[in-house]
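For reference, the structure discussed in these notes is given below.
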Amino acid sequence: MTTRTCPCGRPEPYDACCGRFHAGAAAPSAEALMRSRYCAFVRGDVGYLLRTWHPRTRPERLELDPRMRWTGLEVLDSTGGSAFHSAGTVTFRASYRGGSLHERSRFERVAGAWVYVDGEFLDNA
C-alpha cells in the first residue's frame with residue numbers, strides 16, 4: 001500500500017474510495033461498506049464504525065487500541081450484498097502487525113443503507 005492508495009486495498013486514492021463514504025456517501029454494496037469499515041479501523045474513525053453498525057447489535061461505545069497497526073485487507077468471498085439484495089456476507093482476512101483476523105461478516109440494509117450486523121471469526125489455518 002502506498003500513500004496514494006486507499007488503505008482498503010483498492011487502487012484509488014482514499015478521497016475517491018473509502019473517504020467518500022466516511023464523508024457521508026452511502027456505500028453501494030456490503031463489500032464496499034466492509035472495505036470502508038476496515039479503512040475506518042485503520043484511521044481510528046470510531047464515529048463511522050458506530051454509524052455503520054446495525055442498531056440491533058451496535059455497542060454503546062467502541063474503544064480502539066491506538067497501538068494497533070492494520071497492514072492489509074484481502075477479500076476472500078462475498079455473497080449477496082448488492083443493490084438487489086437486503087443482506088449479504090463478506091469473508092475477509094485483515095492483517096495487522098503481528099497477525100491476522102479471518103472473519104465472515106454479515107450485513108443488512110436498514111432504511112436503504114448497508115450496515116454491519118455481526119461477524120464470525122474463522123480459523124486462520
Side-chain angles (χ1 to χ4, degrees):
M1 180 179 80
T2 69
T3 56
R4 292 185 167 177
T5 60
C6 189
C8 81
R10 296 259 186 218
E12 296 86 10
Y14 167 76
D15 288 340
C17 192
C18 293
R20 62 194 168 123
F21 305 132
H22 294 175
S29 67
E31 182 180 331
L33 180 66
M34 187 280 307
R35 287 180 176 279
S36 70
R37 286 177 55 83
Y38 169 82
C39 189
F41 275 103
V42 170
R43 298 173 63 84
D45 189 345
V46 171
Y48 181 78
L49 292 167
L50 290 172
R51 282 192 309 276
T52 58
W53 210 311
H54 196 293
R56 183 177 74 238
T57 58
R58 177 181 17 198
E60 285 187 34
R61 3 175 286 202
L62 180 64
E63 293 182 28
L64 302 180
D65 183 347
R67 298 168 300 185
M68 177 66 93
R69 296 294 177 250
W70 296 98
T71 59
L73 176 66
E74 179 184 6
V75 174
L76 304 170
D77 188 34
S78 64
T79 60
S82 77
F84 303 106
H85 299 102
S86 59
T89 64
V90 180
T91 304
F92 65 91
R93 182 170 289 110
S95 300
Y96 55 88
R97 192 176 303 149
S100 68
L101 169 80
H102 188 192
E103 180 177 310
R104 179 179 303 112
S105 294
R106 291 186 321 126
F107 298 88
E108 292 179 5
R109 283 187 184 266
V110 172
W114 285 107
V115 292
Y116 170 79
V117 177
D118 59 21
E120 171 190 3
F121 293 117
L122 304 172
D123 186 10
N124 278 329

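None of these values were measured; they are calculated from a predicted model. Hydrogens, waters and symmetry mates play no part in the numbers below; they use all other heavy atoms, side chains included.
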Exercise. I would like to know whether Leu49 and Leu64 meet side-chain contact (heavy atoms from CB on, under 4.5 Å); could you show each step before the answer?
Key: CA-CA 11 Å; Leu49 292 167; Leu64 302 180; 4.1 Å; yes

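- Relative to the ring axis of Trp53, Arg37 places its NZ or CZ within 45° and under 6.0 Å from the centre.
- Residues Ser105 and Val117 fail the side-chain proximity criterion, which asks for heavy atoms closer than 4.5 Å.
- Leu76 and Tyr96 are members of different hydrophobic clusters when ILVMFWY side chains are connected at heavy-atom separations under 4.5 Å.
- Between the side chains of Thr89 and Thr79, at least one donor N or O sits under 3.5 Å from an acceptor N or O.
- Placement of Val110 and Leu50 in two distinct hydrophobic clusters is found when ILVMFWY residues are connected by side-chain heavy-atom separations under 4.5 Å, directly or transitively.
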Output a table of donor-acceptor pairs, distance under 3.5 Å, between side-chain atoms of residues 27-34 and any protein atom two or more places apart or on a different chain; print 'none' if there are none.
unit_1: Ser29; atom_1: OG; unit_2: Ala32; atom_2: N; d: 3.0
unit_1: Glu31; atom_1: OE2; unit_2: Arg10; atom_2: NH2; d: 3.1
unit_1: Glu31; atom_1: OE2; unit_2: Arg35; atom_2: NE; d: 3.0
unit_1: Glu31; atom_1: OE2; unit_2: Arg35; atom_2: NH2; d: 3.3

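- With sequence neighbours left out, the ring-ring contact (aromatic ring centres under 6.0 Å, His included) criterion links Tyr48 to His22.
- A cation-pi arrangement is found for Arg43 relative to Tyr14, the charged atom lying closer than 6.0 Å to the ring centre and inside a 45° cone about the ring normal.
- Looking at heavy atoms from C-beta onward, Thr91 lies in side-chain contact with His102 at the 4.5 angstrom threshold.
- Within the 4.5 Å cutoff, side-chain heavy atoms of Cys39 are placed close to those of Cys6.
- Residue Leu62 is grouped with residue Leu101 when hydrophobic side chains (ILVMFWY) are merged at heavy-atom distances under 4.5 angstrom, including chains of intermediate members.
- Grouping the Ile, Leu, Val, Met, Phe, Trp and Tyr side chains by contacts below 4.5 angstrom, directly or via other members, places Leu73 with Trp114.
- Under the 4.5 Å side-chain contact rule for hydrophobic residues, Val115 and Phe21 do not share a cluster.
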